[in-house]
Amino acid sequence: MGFRSDKMLKYNIDAGHETQPMPKLEKLDGDQLIETLLLQRFNFNKALIKNGFDPKKEMPKAISILNSSPASIISFCGFDYLVKQNKVMGVNGIQLSASALATITEKIVNLDQIQQYCCMQANLVYKRENRDLNEIKALDRQYFAALKVFRLVTSNIADHANRSNASLAIETAVAKIKMPDVKIIETKINYQGGYIAEIK
């Protein structure tokens with residue numbers, strides 16, 4: 001899914017800093033990754049309905065969208081995001097203020113944490129002898145919701161990218177997007193390079 005970028009991408013961190021060329025980094029197709037995560041859980045659930053639970057069958061893996069490597073370029077809706085250490089450092093082609101970047105980071109990091117946790121937790125519940133199907137359904141709903149809202153955030157950013165006041169418009173639009181109905185207590189588990197939220 002990843003490939004080498006041949007472009008020397010430039011990112012505007014905020015209006016007070018010069019635009020700096022970035023070195024070649026691993027580039028991921030974020031839209032395709034989200035679609036893959038949605039489909040793997042959907043197909044897993046579809047197979048369960050048809051054939052029942054098979055403990056020997058591989059379960060969907062909890063995968064971080066943002067933490068695939070120490071520093072990555074991840075494309076969403078035609079825009080390349082520079083992500084480093086769980087932070088969005090810039091979006092190629094859009095001049096964003098520090099507060100806009102912080103708003104984007106907070107939103108998509110939380111969504112990434114939620115989808116990872118829900119996937120991992122649902123897998124654990126499936127393995128229990130007396131599994132609670134209602135708990136699994138709730139976790140699945142939260143998992144799908146987190147991924148769809150993640151996609152909504154990046155879509156909103158792309159939609160406002162060409163406005164004259166793009167930074168403010170994006171910050172406002174992203175801040176208004178409602179998160180899935182999940183309470184995050186704290187982030188404390190590091191799982192395959194990603195940061196997992198403990199939720200209830």
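Basis for what follows: all heavy atoms, side chains included, without hydrogens, waters or symmetry-related copies. Count residues from 1 along the sequence.
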*Could you tell me which residues satisfy side-chain contact (heavy atoms from CB on, under 4.5 Å) with Ala158, sequence neighbours excluded, listed by chain and number?*
Cys77, Phe79
*Check side-chain contact (heavy atoms from CB on, under 4.5 Å) between Lys87 and all other residues, then give those that pass, not counting sequence neighbours.*
Met89, Thr105
*Under the side chain to side chain donor-acceptor pair (under 3.5 Å) test, which residues partner Ser167, sequence neighbours left out?*
Ser97
What distance do [X] atom [atom1] and [Y] atom [atom2] have between them, rounded to the nearest 0.5 Å?
X      : Y      : atom1 : atom2 : answer
Gln115 : Met120 : CD    : CE    : 11.0 Å
Leu111 : Glu106 : CG    : CD    : 10.0 Å
Leu124 : Cys119 : CG    : SG    : 9.5 Å
Asp29  : Ile74  : CG    : CD1   : 10.5 Å
Ile65  : Leu37  : CD1   : CG    : 5.5 Å
Ile114 : Leu139 : CD1   : CG    : 11.5 Å

_Contact summary for Ile108 and Phe150, nearest pair of heavy atoms_ = O-CE1, 3.5 Å
_Nearest atoms (heavy-atom pairs only) where Phe44 meets Met59_ = CZ-CE, 3.7 Å
*Apply ring-ring contact (aromatic ring centres under 6.0 Å, His included) to Tyr143 and list each qualifying residue two or more places apart in sequence or on a separate chain.*
none
_Flag for Ser64-Asp112: side-chain donor and acceptor within less than 3.5 Å_ = yes
_Set out, in order, the CA-CA distance, both residues' side-chain angles and the distance that settles side chain to side chain contact (heavy atoms under 4.5 Å, CB included) for Tyr81 and Asn92, then state yes or no._
CA-CA 6 Å; Tyr81 290 55; Asn92 192 36; over 6 Å; no
*Pairs where residues 132-145 contributes a residue and the test salt bridge (Lys or Arg N to Asp or Glu O under 4.0 Å) is met, not counting sequence neighbours*: Arg41-Asp140, Arg128-Glu135
*Enumerate the residue pairs fulfilling salt bridge (Lys or Arg N to Asp or Glu O under 4.0 Å) with a member in residues 171-180, sequence neighbours excluded, ordered by first and then second residue.*
none
*Is there a side chain to side chain contact (heavy atoms under 4.5 Å, CB included) between Asn67 and Asn86 once you walk through the steps?*
CA-CA 6 Å; Asn67 292 283; Asn86 221 41; 2.7 Å; yes
Side-chain donor-acceptor distances from residues 159-166 under 3.5 Å, at least two apart:
from   : atom 1 : to     : atom 2 : distance (Å)
His160 : ND1    : Asn156 : O      : 2.8

*Kindly indicate whether the side chain of Val153, heavy atoms from C-beta on, has any atom under 4.5 Å from the side chain of Phe76.*
no
_Under the criterion side-chain hydrogen bond (donor to acceptor under 3.5 Å, both in side chains), I'd like the reasoning laid out for Asn43 against Gln40: C-alpha separation, chi angles, the key distance, then a yes or no._
CA-CA 5 Å; Asn43 290 332; Gln40 75 172 2; over 6 Å; no
*For Glu35, which residues count as a salt bridge (charged side-chain N to carboxylate O under 4.0 Å, His left out) partner, sequence neighbours excluded?*
Arg151
*Between Asn123 (side chain) and Pro60 (backbone), is there a donor-acceptor pair under 3.5 Å?*
yes
*Got a donor-acceptor contact below 3.5 angstrom from the Lys107 side chain to the Ile177 backbone?*
yes
*For the hydrophobic clusters of this structure (ILVMFWY residues joined by side-chain heavy atoms under 4.5 Å, transitively), does one cluster hold both Ile63 and Leu39?*
no
*asked:* Would a single hydrophobic cluster contain both Leu168 and Ile157, if residues Ile, Leu, Val, Met, Phe, Trp and Tyr are joined by side-chain heavy-atom contacts under 4.5 Å?
replied: no
*Proximity of Phe42 and Phe144 rings by center, below 6.0 Å*: no
